[in-house]
Amino acid sequence: MSGNNHQYAFFLGCIAPNRYPGIEAAAIQTSKNVGIDLLPLKGASCCPAPGAFGSIDLNVWYAMAARNVVLAEQMGMDIALVCNGCYKSIWEVNHKLKHNDELRDGVNEVLKEIDMEFKGTADVWHLAELYYDPKVVGVKKLAESVKRPLTGAKVAVHYGCHLMKPSKERHFGDTENPMWMEELVAALGAEPVQYRNKMQCCGAGGGVRGFDIAHALDITNEKLINMEEVGIDAVTEVCPFCQLQFDRGQIEIKEKFGVEHGVPVLHYNELLGLAQGMSPDELALDLHAISVEPFLKKIL
Amino acid sequence: MAVKKDYKDQKLAEKLRDRKYYVPDSNPEFIKDVEKIGQTAAHMCYQCGTCTGSCPSAPRSSYRIRLFMRKAVLGLEEEALTDPDLWLCTTCYSCTDRCPRNLAPTDAIMAMRNLAFKRDIIPRNFLQTVQLIYKSGHGVPNNDANRAARKKLGLEEEPETTHKYPEYLPGIRRILDHYRLKENADRILAEGE
Amino acid sequence: MAEVKNKEARIGVFLCHCGTNIAGTIDIEAVKEYAKTIPNVVVADNYAYMCSTPGQNKIADAIKEQNLTGVVVAACTPRLHEPTFRNATKAGGLNPFRFEMANIRDQNSWVHMHQPEEATSKAKDAVRIAVAKASLLEDLVPKSVPVEKTAMVVGGGVGGMQAALDLANAGIKTYLVEKNPTIGGRMSQLDKTFPTLDCSQCILTPKMVDVYRNENIELLTYTEVEAVEGYIGNFDVTLRKKARGVITPAEAEARGIVGGGCTGCGDCATVCPVIKPNPFELGMAPRKAIYIYHPQVSPLIYTVDFDACVKCGLCVESCGEKKAVDLDMKDELMTVKVGTVVLALGYDIFPIEKKFEWGYKNYDNVITSLEFERLICASGPTGGHLVRPSDGATPKRVAFVLCAGSRDNTGVGKPYCSRFCCMYSLKHAHQIIEKIPGVVPYIFYMDIRSFGKMYEEFYYRIQDEGAKFIRGRVANILEDPKTKNLHVNAEDTLLGRPVDMEVDLVVLAAAIQPAAETEKTRRLFGVSCSQDGWLLEAHPKLNPCGTTTAGVYLAGVCQGPKDIPDTVAQAEGAASAASIPIHRGEVELEPYFAQCMEDKCAGCGMCVPQCPYSALALVEKDGRTVMQVTEAKCKGCGTCGGFCPGGAIWMQHFATPQIIAQIDAFLLGGEQ
Amino acid sequence: MADENWNPKIIAIICNWCSYAGADLAGGARIQYPPDIRAIRVMCTGRIDPLFILKAFQDGADGVLVSGCHFGDCHYLEGNFKAAKRMFLLKSVLKNIGLDDKRLRMTFVSASEGAKWGSVMTDVVKTINELGPSPLKEFAK
């Protein structure tokens, strides 16, 4: 059945498999439904976290990320992933090493110690961009896979930073007011809404969540207020780390600032899973810190 | 060199401290280091403030990315690296996207953080991530509650990563050891206790 | 010609120190001593400034004393001082084309400042190469050609109008070619001008009338340059008169329609059913398919927009006996002969929507400065009432964003300073303060560049009037979807604090860029451009109106951003420069003509299609077919000479033996 | 492979209107580049007879640079097109006589591209240094 499917090595990262396993399950199932096979990338590690490792020593960041790319090179496959942070590490390091001989030689010197070599034969993709790309899936095919349209749900889109920025190196175009994820959401029958300062950061990146959580949460809180201002049923994103910040962050915001939001937060793959008819249990939505129930009531 | 005043009263001495910028206090190598690590021509900054204006951290703190660029240009290494604001960048890259000089202030900040780490200046959470990855390959490792949830979903308890294939861990440790990262992390964390 | 050989070459070498420009790097003494050892060199001398009178006298004296046959000056670049030293050579009694220059400054001492030894050795080679050529140089006589006593100005903005008026008033018949249906250009779109606050139309309209009435000016509006041939003194310019659909009274008379032709009454536009946005009002006001831009157009003739016209014929009917409307009109080509040309091609506004962060075209209440000019102008679409496009309300808080797309190295915007945005934004601030009680203008700037006469004083005045200046570039603009108010985000870099300012209207001082047609037009005239697309002047300091194409001059913004006074000043300069050859009546062309060495010519004719100017032809001579050059057509590129398989073409001043001698002198001569 | 005393001898034949002006501009801007190239000025690259270049190689030149205007910018409309065609053919001739065709380079530098002229100079010298002395050198004397 999957003979004609696109095949990718599936890079899991940390938070998706270890905190929101529903994203992992959803990604595999929903992708299969639109013609993408995600194969296990055995022995992959943390991407590693771009904020933490990039801040400590960029050389380690390059080498560790390169190791993950090499695993895919050895499989002879491109990488697909579901997390913006992973995208920043894996895509960017892959890109940099392909275009900077000095950097690549330095990394390969280290990788030699573990009998690996970065060759530059693999490409890296975020699943969301593959869904949008008509050469792979495309909005039309995505819409055709929907069995249970999310009609009536108003969804705010959070793009996250590390997927599209810095735009000078990336290929996504306008980062001030992009609309392609809105198209992905609309394909599922939901109504994407526009809100103030859509492209603002979730606040968690760069190690700030660990360094000064109140600071990070204040940014998250501002963003949630902007979203609620226009009336929404859920937030969707394509980054488990942003999800963690918006989802668990709401609990922390309540603890720290006494502000209550109660906005359900769903990874796009979870949203896609629901639209394709997966049950909340198949998506482990009960693991979310903020109950998804109100959103489910709206669409089921 | 700053004027030495030798006021006995420490509070007064701090209050009346010489705050002038003295050229000999600056390190001309600092901007070069920042540019080499950050791979951006930071000395071309013309201080327009687009970066700070774009920054989600600036409105809620004293963090001014423009000032860090300025300090880099002037070689004020000590001041830049010891400023705790350095760690408030969420790396959202809005400044990099909008910089009219085509610079990457975010990467300049990352470079300064790298340089700070060389002086053992680094928040503890960063080092804890290093330790976790050294141990398990993951910055956010699996736990029992999650294993149970995975099982319920029909997934294997351990994901197809270093969790399921721990034989890959020595390679990862080798890379980290190459840069003596674990060693330094352990040491700095221990000293901070 | 080849047979005019030098009997015995006697060359003088003169080395210039150019102060320390050359002597600071190159060991002049060593080069001089070396020069004395080069074959044919009979004298070598040096001087601090060879281009000075004593320096030039040295050359003239040496020619006489030493009976020189050739002169070499090693100094700056021939592109700067070749004419100077040719004159000195002539003063010494030698044919000026027996001079050769060795470039040891621009292409040596300046580019090898830290390698004095290598630079000195390179200078020795350069002198040796020059001597080799000078030894083979021959007497040449420049060809004088008569200059057509007419000029052409391309572009009918204020610069083009001024140039045309100056030329015309100097007694020269001038064609003024404008692509739009009216002259006036950008300046006619402006409301007031800084720093005097003159009404732009008020000072422009008299000039437009002058142009229209001037007997020496032939005004060709709605006309574009199609092709250019010829050279200084003798340009043949083919023009495309675009089908206007309306005829002038003069044209009507020519057609035998008594008392006919367009009088500008506007009856046709009244009945025309097709409505289009008026580009003059930047689309903020309508016009018909038969239209004029605005009431003060010159000439006052209507124009049919054939892309929009449905040919219903109502206009023809309404025009009646004047029979001015001709809906079957076709483009016409005409060729005119002119002696010199002034290009005044103007500028366009950079499409600022490409800078996504400011939301132009996305947010209703973000407008450009040019749109502001139309909105604040009494004859504009709102009668001079500045309103918010979203709701028509009068704005009370207005933000001006300076350097919007200028001083931008991202590759999206423009790296240069657009030069007049600071000043017009100050003017805009003044205008709203004057018109709207209680308004506060906020000017977001990086530097206020008020460099002109009375400009800084103007800045002082506007600050005094209450404009608020915020030193910081605008990071982004966000729209409040409910009120359509705008939140301007920036850092007040002087306060060191981020600013989120809620305003009613944002005016972007968008960068400017060369007008769309500039690239096509400059190629027709063979004019170079700099990397940013502005036309390249012959010398940035000493010849800012000239170009590398003799007889073609530049005026106004097409050469680089400038305000109205600078544009007019340059236009007067260009007109003056363009009038000189015409008043002299003839120009000397450098005698770099191709010559056929008939004894070697096989008459194969392969050179003939090589010539871009059709200067070559095969002729019968003494029973043989040989090539013949029409000197008046030859421009001296030498492409034929580079191609002739028999080596039968003698390129004067760049002859094959001369070039081979240079190659040999470098590679085989000197210290091996 | 090169002996220590060897300095490349490179000749540049450049057009008056674009490349020569660009080279002057590089000087005005004090852009520094290696001093191994000697320039000969012609009015247009169209003037350049392929024999000039062969003569230069025969004389022992290690490299030859031909530089003119960008296509469409030629002061004489199309001289640079013709030169480019000739250089293209000449390169195949060079290959046939056993010379590395990288020793002949054609570039397009406009009057406003001073910085580009500097980088062309640097790059040409680098290329020739990598190639070493011309094998024809020993026959040159």
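Please read these numbers as outputs of a predicted model, since none were measured by experiment. The chains referred to below are lettered A, B, ... by the order of the sequence lines, with proteins before strands, and numbering in each begins at 1.
Heavy atoms of D:Leu77 lying under 4.5 Å from chain C belong to its backbone as well as its side chain. With a 4.5 angstrom heavy-atom cutoff, D:Glu78 touches chain C only via side-chain atoms. If you measure heavy-atom distances from D:Ala39 to chain C, the contacts under 4.5 Å come from the side chain alone. Interface remark: D:Ile10 contributes backbone atoms only to the contact with chain C (heavy atom separation under 4.5 Å). Proximity to chain C involves both the backbone and the side chain of D:Ile11, based on heavy atoms less than 4.5 angstrom apart. For D:Leu25, no part lies under 4.5 angstrom from a heavy atom of chain C. With a threshold of 4.5 angstrom between heavy atoms, C:Arg105 does not approach chain D through any atom at all. For chain D, no part of C:Cys640 is nearby; none of its heavy atoms comes within less than 4.5 Å. For a residue to count as touching a neighbouring chain, one of its non-hydrogen atoms must lie under 4.5 Å from one of that chain's; by this rule C:Asp532 does not touch chain D. Proximity to chain D (any heavy atom under 4.5 Å) is shown, for C:Thr656, by both the backbone and the side chain.
More than 12 heavy atoms of other residues, nucleotides or ligands sit less than 6.0 Å from atom CD of C:Glu519. Around atom CZ of D:Phe71, more than 12 heavy atoms belonging to other residues, nucleotides or ligands sit under 6.0 Å away.
For the set D:Cys74, D:Gly72, D:Ala29, the count of heavy-atom pairs under 4.5 angstrom toward chain C peaks at D:Gly72. Most heavy-atom pairs under 4.5 Å with chain D, from the set C:Gly638, C:Pro540, C:Cys637, C:Pro78: that is C:Cys637. In terms of heavy-atom pairs under 4.5 Å with chain D, the best-connected choice from C:Gln115, C:Met113, C:His114 is C:Met113. Of the listed residues D:Leu51, D:Ile13, D:Asp24, the one with more heavy-atom pairs under 4.5 angstrom with chain C than any other is D:Asp24. Per-residue counts of heavy-atom pairs under 4.5 Å with chain C were compared for D:Arg38, D:Lys55, D:His75, D:Met43; the largest is that of D:Arg38. Ranked by non-hydrogen atom pairs under 4.5 Å with chain D, the options C:Ile659, C:Ile660, C:Leu536 are led by C:Ile659. Of all the listed residues (C:Ala126, C:Pro612, C:Cys76), the one sharing the greatest number of non-hydrogen pairs under 4.5 Å with chain D is C:Pro612.
The pair D:Asp62-D:Lys137 counts as a salt bridge, with a side-chain nitrogen and a carboxylate oxygen less than 4.0 angstrom apart. Between C:Lys122 and D:Asp36 there is no salt bridge, since no side-chain nitrogen of the basic residue lies less than 4.0 Å from a carboxylate oxygen of the acidic one. Salt-bridge check for C:Asp125 with C:Arg128: passed, with a basic side-chain N closer than 4.0 Å to an acidic carboxylate O.
Neither side chain, D:Ser112 nor C:Ser530, offers a donor N or O lying under 3.5 Å from an acceptor on the other. Between the side chains of C:Glu631 and C:Gln595, at least one donor N or O lies within less than 3.5 Å of an accepting N or O. In this model, no donor atom of one side chain and acceptor atom of the other lie less than 3.5 Å apart for C:His653 and C:Glu590. Remark: the D:Arg103 side chain and the D:Ser134 side chain contain no N/O donor-acceptor pair separated by less than 3.5 Å. D:Arg41 and D:Asn16 form a side-chain donor-acceptor contact under 3.5 Å, judged by distance and modelled atom types alone.
Checking side-chain atoms of C:Thr549 against main-chain N and O of C:Gly526 turns up a donor-acceptor pair under 3.5 Å.
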